[in-house]
Amino acid sequence: MKALLICVLLGAGVLFGVIIVQGGVAQSEGPPLGLPPVPIPEDNPQAVAKIELGKTLLNDKRFSATGEVSCATCHAEEKAFTDSPLTVSEGINKLTGTRNAPTVLNGVYMETMFWDGRSPSLEDQALHPFVNPVEMGLEDHEPILEIVRSDPKYVKAFKSVFGKTGKDVTMKEVTQAIAAFERAQVVANTPFDRWYYGGEEGALTESQRRGFEIFINQGRCVSCHVVEQTQALFTDNRFHNVGVGINNIQKDIPRLAREFLRAEATATEVNVKVLTDKKSSELSRFAVARTFDDLGAFKTPTLRNVALTAPYMHDGSLETLRDVVVHYNNGGVTNEGDPVNDFLSGGIRPLQLTDKEIDDLVAFMEALTIPEFAHLADEAGKK
Amino acid sequence: MSDYRLNRRDFLKCAGALAAASCLTVSMVELAFADRRKNFTFAYISDAHIQQITGANFVRNWNRGLIRAVAETNLLTPKPDFVVFGDDLAQLGKKEELDYGAEMLKKLDYKTYCVMGKHDYYLDLGDSWSKLFGPHYYSWDHKGVHFITLNSILTYDEWTHERWPTAEQRMLEMTGLDNPNGSPFMVGEKRREWLRKDLAKVDKETPIVLFSHSPIQKIYKGWNFWTEDAEEVQALLKPFEDVTVV
């Protein structure tokens with residue numbers, strides 16, 4: 001009695017992977033090449049209908065104060081689940097936040113959510129943008145609950161997925177469905193995966209192979225963008241000050257840091273502050289953890305599809321992958337000779353890469369594009 | 001005088017977050033009294049090992065470590081009353097290394113006390129260090145606590161003054177671990193006599209904090225976790241009720 005039904009859930013937005021559905025419970029039958037098993041929380045098992053409901057919720061613009069912004073506004077599937085080419089995300093009334101939208105793809109492997117890790121799970125994360133004044137701008141979650149408890153389509157879906165109606169439908173169910181959809185966005189099978197894990201010799205060009213050598217050696221990239229023997233998440237799930245953003249507020253650090261050290265802020269207050277106050281935003285993880293090691297430290301993003309999601313870094317301040325490599329090659333400063341941040345993470349140091357090596361490293365990152373999204377690279381090339 | 005008595009269990013409270021924050025040891029030390037209102041803190045940084053490669057070129061990682069430690073110390077909230085820079089500011093005792101390190105330490109927003117380390121000493125026997133930071137050993141009082149820094153990295157005169165053809169070689173010999181050419185640390189008679197006189201002025205109930213590069217113990221000679229005259233120094237400290245060696 002193993003697999004009752006095997007179906008490829010493209011319709012529900014699952015890009016890859018075969019899902020075994022057993023008694024209405026869906027589980028991934030082995031992750032794609034290059035990725036570890038998908039961690040699924042016990043209290044929120046995957047199910048086809050739940051994933052589908054999550055997709056609908058993610059795209060519902062009624063969950064914003066203006067009726068114009070949904071989660072998908074900034075995590076658009078056709079933009080590899082980002083809002084590229086925006087530098088920072090645009091919420092209601094074109095209000096801008098302080099950070100560049102990270103992709104939903106493979107977000108399930110992140111141990112914490114947001115650039116500063118201030119949220120512990122996909123479920124918790126989904127609560128916050130609804131009520132952030134520069135994102136979806138709701139006063140509280142009530143308007144969402146009114147819609148999901150009354151719109152016949154939602155009433156039917158929540159009854160079918162959770163067996164709940166009326167007031168029993170809460171933000172818990174809403175965020176569980178959204179998280180289930182996000183957990184289904186597990187993708188890999190890039191040229192790199194086929195070459196490194198699949199033994200497909202011709203999957204990478206010569207330049208890309210040289211780029212990988214630099215990635216794991218002189219470039220020191222692998223220290224944070226982790227590649228292992230059997231899998232590559234391209235993140236260490238940790239936080240590093242890489243000299244972006246924080247470099248612009250050097251003189252304000254003592255004042256800003258003390259504000260956070262003195263005042264105990266609630267999660268919501270931190271959530272609003274870091275997206276509405278550009279300078280406080282640059283303290284990043286420090287605003288959450290309040291340890292000096294985390295000053296200006298942002299979470300290591302994954303790299304699959306990175307060629308499609310320009311601009312780069314938490315603030316979208318670097319336009320191209322080449323700019324990013326040059327920044328690291330300079331030892332954590334965008335313009336050579338600029339002052340290095342006092343709190344720069346220890347691993348960031350000048351790399352002494354030649355122009356050709358920089359090109360190779362960029363070529364390697366272009367080998368991390370997922371086939372289903374490759375057409376976006378062509379479109380980007382035309383711009 | 002119980003107000004001034006140190007609570008030994010709480011005496012050294014190191015902020016874990018800080019200890020992990022840098023390649024250097026940066027610690028916030030809280031002196032806890034029975035009357036909490038009398039508590040105060042100082043920050044402790046040590047082992048920068050600033051190392052010159054050539055000219056104005058220094059080992060970047062060590063520079064970054066000290067720069068970071070200084071910047072973090074300036075952010076400490078509440079502010080510490082003062083900073084102690086433990087020892088080993090330089091790697092090979094060069095004037096350039098000490099000057100560069102001192103320049104970085106100048107950015108500290110607090111009164112800073114420095115302790116002599118072996119890496120600071122064995123090239124020019126502390127001359128460059130002294131020009132920057134003053135006497136090799138000294139004491140001061142702060143809020144009812146007597147603080148002492150000892151120069152405890154001296155050794156036998158013959159080893160220091162006669163054995164080595166160059167000062168550079170002497171410096172290198174002293175930096176090696178398990179070095180058969182090494183020599184054990186000691187405070188020495190002259191410094192012990194100074195300590196005896198210094199302590200004679202201090203009430204026996206006054207808490208004492210003593211900074212020393214080598215532990216006033218005999219733990220492992222090969223790595224110089226060792227003070228040849230540890231027993232004599234301990235004897236001088238014994239009459240005091242509360243003594244902490246950092």
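Chain identifiers are assigned alphabetically (A, B, ...) following the order of the sequence lines, protein sequences preceding nucleic acid strands; residue numbering begins at 1 within each chain.
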- Query: Should we count CH2 of B:W140 as having more than 12 external heavy atoms under 6.0 Å?
  - Reply: yes
- Message: A side-chain contact here means heavy atoms from C-beta on lying under 4.5 Å apart; do B:R60 and A:V340 qualify?
- Response: yes
- Query: Hey, is the main chain of A:F343 close enough, under 3.5 Å, to the side chain of B:R68 for a donor-acceptor pair?
  - Reply: yes
- Task: Report, as yes or no, whether the 6.0 Å neighbourhood of atom CZ on A:R255 holds more than 12 heavy atoms from other residues, nucleotides or ligands.
- Result: yes
- Query: If you count the non-hydrogen atoms of other residues, nucleotides and ligands that lie under 6.0 Å from NZ in A:K278, is the total more than 12?
  - Reply: yes
- Item | chain B contact via A:I348 - side chain, backbone, both or neither, heavy atoms under 4.5 Å | backbone
- Message: Within the supplied structure, the quantity of interest is the number of heavy atoms (other residues, nucleotides, ligands) at a distance under 6.0 Å from A:E228 CD; does it exceed 12?
- Response: yes
- Message: Around atom CZ of A:R210, are there more than 12 heavy atoms from other residues, nucleotides or ligands closer than 6.0 Å?
- Response: yes
- Query: Does atom CD of A:Q218 have more than 12 heavy-atom neighbours, drawn from other residues, nucleotides or ligands, at distances under 6.0 Å?
  - Reply: yes
- Item | Interatomic spacing from OG1 in B:T77 to CD in A:E259 - rounded to 0.5 Å | 11.0 Å
- Message: Please classify the contact of B:K79 with chain A as side chain, backbone, both or neither, using a heavy-atom distance under 4.5 Å.
- Response: side chain
- Task: Would you mind reporting whether B:R64 and A:D342 have side-chain heavy atoms less than 4.5 Å apart?
- Result: yes
- Message: Just so I know, are the side chains of B:L75 and A:L295 near enough to count as touching, which here means a heavy-atom distance under 4.5 Å?
- Response: yes
